[in-house]
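For reference, positions follow the sequence shown, starting with 1. Not measured: the values here are computed from a predicted model.
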Amino acid sequence: MNAFVRVVEAGNFTKAAESLALPNASVTRLIQSLEQDLKVLLLHRTTRAVTVTPEGASYYERVVRLLADLADIETSTRHSSAKPAGRVQVDAPPAIASMVLVPALREFHRAYPDVKVDLGVGNRRTDLVAEGVDCVIRAGEVSEQFLVARRIGGFRFATCATPGFLDEHGTPTSPEQIPVYPTVGLAGGPGGRVQPFRFSLGEVEHRFTLDHALVVDDTNAYLAAGLAGLGLIQAPCYTVDTAVLDGRLVSLLDAWHPNEIPVHVLYAPNRYLSAKVRVFIDWVVTVFERHEHLRRV
């Protein structure tokens, strides 16, 4: 059952075999044996891809819950009297990693000194099954249907510029004026597209695809560009709040906030949450709950 679930989630036998530390042939035999026992075809196999049959999809939905429950029982029993220990493999976006998680990690290590954290930082879509990652923190909507997504918070964007930039170019008083100002673009949407500047007030919305003076694909670099006075930026509030408070940036058009971007922690449903992963996820939830610009509304 576990081999079948891994193949479905990975999309092919090779990645599933790697995640299980088994030869491809062994995984193939396991699936064939399962199909023979059930007397039903669970997977369509071609040279290019593996797809789930209707019977296989129905079987997956029930089996994944069964395996999760079984693993939860085993884990709870095994760790009922033991302290969480071991390594947790986590992936997170650069800004959340550097501005939210890393500054608070001393608190986690004090509470759980035997849990070590391997923090991968990047904007790519991590393949949890193939790469052996325990959980990922991701901003935006979740598209992977085979992952468990726990909503832990969200954030809004703020439009900002330095005082010196505003002295030189003037201060915009409405969204319609934005296209005439030098701006910095942030790439990071599907396909690496540059995100438009968005403004929303009630039912009135504005969306501008701009000819930016500079485009970057990292939130930390984006903030640095704004602080260097290279143009207007529209950045997550949690990345600019300190700079706004100390006067290095000025928040503009505050009434025109685009919709909130959700933040989730994701993990594979068939990968039991060991004590070390459970305590890490619970800690992340508390970090977001305490944060003024990230707590779930």
Side-chain angles (χ1 to χ4, degrees), residues 1-80 82 84 86 88-91 125-153 262-282 284-285 296:
M1 290 179 182
N2 193 41
F4 167 71
V5 168
R6 291 292 180 95
V7 171
V8 172
E9 293 173 350
N12 62 63
F13 280 82
T14 300
K15 288 184 178 180
E18 290 175 354
S19 71
L20 292 166
L22 292 173
N24 277 16
S26 297
V27 175
T28 299
R29 285 195 297 271
L30 286 169
I31 301 302
Q32 290 173 342
S33 176
L34 183 62
E35 290 177 326
Q36 290 170 2
D37 288 342
L38 296 172
K39 296 181 175 57
V40 66
L41 184 68
L42 299 174
L43 300 170
H44 287 304
R45 306 159 176 82
T46 68
T47 56
R48 293 186 175 181
V50 175
T51 57
V52 187
T53 66
E55 295 80 8
S58 176
Y59 185 70
Y60 170 87
E61 294 296 335
R62 301 184 67 178
V63 164
V64 77
R65 292 195 296 269
L66 175 63
L67 290 174
D69 288 343
L70 178 60
D72 187 57
I73 293 170
E74 292 178 345
T75 302
S76 298
T77 303
R78 187 180 302 117
H79 296 286
S80 59
V88 178
Q89 181 72 44
V90 185
D91 272 16
R125 294 275 170 167
T126 306
D127 188 331
L128 277 74
V129 175
E131 300 177 40
V133 176
D134 293 301
C135 63
V136 300
I137 299 168
R138 187 175 297 165
E141 298 299 332
V142 178
S143 58
E144 296 91 338
Q145 60 178 330
F146 293 130
L147 295 179
V148 175
R150 180 178 176 182
R151 176 79 179 267
I152 59 175
V263 180
H264 297 86
V265 59
L266 310 176
Y267 57 90
N270 69 309
R271 181 167 299 172
Y272 67 83
L273 289 183
S274 61
K276 62 183 181 181
V277 179
R278 285 183 185 276
V279 296
F280 181 81
I281 291 177
D282 289 343
V284 169
V285 170
R296 186 172 181 178

Handout entry: Euclidean distance, L30 CG relative to E35 CD, rounded to 0.5 Å
Key = 11.5 Å

Problem - Separation of L66 CG from Y59 OH (nearest 0.5 Å) - result: 8.5 Å

Practice task
Could you tell me whether the side chain of D134 and the main chain of Q89 form a donor-acceptor pair under 3.5 Å?
Solution key: yes

Problem - With F4, the side chain to side chain contact (heavy atoms under 4.5 Å, CB included) member among L67, V64, L34 - result: L34

Exercise for the section: Could you tell me whether the side chain of L42 reaches within less than 4.5 Å of the side chain of V7, counting heavy atoms only? Expected result: no

Problem - Pairwise distance NE2(H44) to OG1(T53) - rounded to 0.5 angstrom - result: 5.5 Å

Practice task
Give the intermediate values and the outcome of side-chain contact (heavy atoms from CB on, under 4.5 Å) for residues V136 and L147.
Solution key: CA-CA 10 Å; V136 300; L147 295 179; 5.7 Å; no

Handout entry: Spatial distance of atom CZ (R62) from atom CE (M1) [nearest 0.5 Å]
Key = 10.0 Å

Practice task
Calculate, to the nearest 0.5 Å, the distance between atoms CD1 and NE2 belonging to I137 and H264 respectively.
Solution key: 12.5 Å

Fill in the blank from the handout: A3 and I31 have their tightest heavy-atom pair at C-CD1, 3.8 Å

Problem - Test item: S19 side-chain N/O and A16 main-chain N/O as donor-acceptor pair under 3.5 Å - result: yes

Handout entry: Criterion side-chain contact (heavy atoms from CB on, under 4.5 Å) on R6 and V27, from CA distance to verdict
Key = CA-CA 10 Å; R6 291 292 180 95; V27 175; over 6 Å; no

Exercise for the section: Please lay out, stage by stage, how Y267 and V277 fare under the test side-chain contact (heavy atoms from CB on, under 4.5 Å). Expected result: CA-CA 10 Å; Y267 57 90; V277 179; over 6 Å; no

Handout entry: Under 3.5 Å: donor-acceptor pair, side chain of R45, backbone of L43
Key = yes

Fill in the blank from the handout: Rounding to 0.5 Å, atoms CZ (F13) and CG (L20) come to a distance of 11.5 Å

Problem - Backbone N/O of G153 and side chain of R151: donor-acceptor pair under 3.5 Å - result: yes

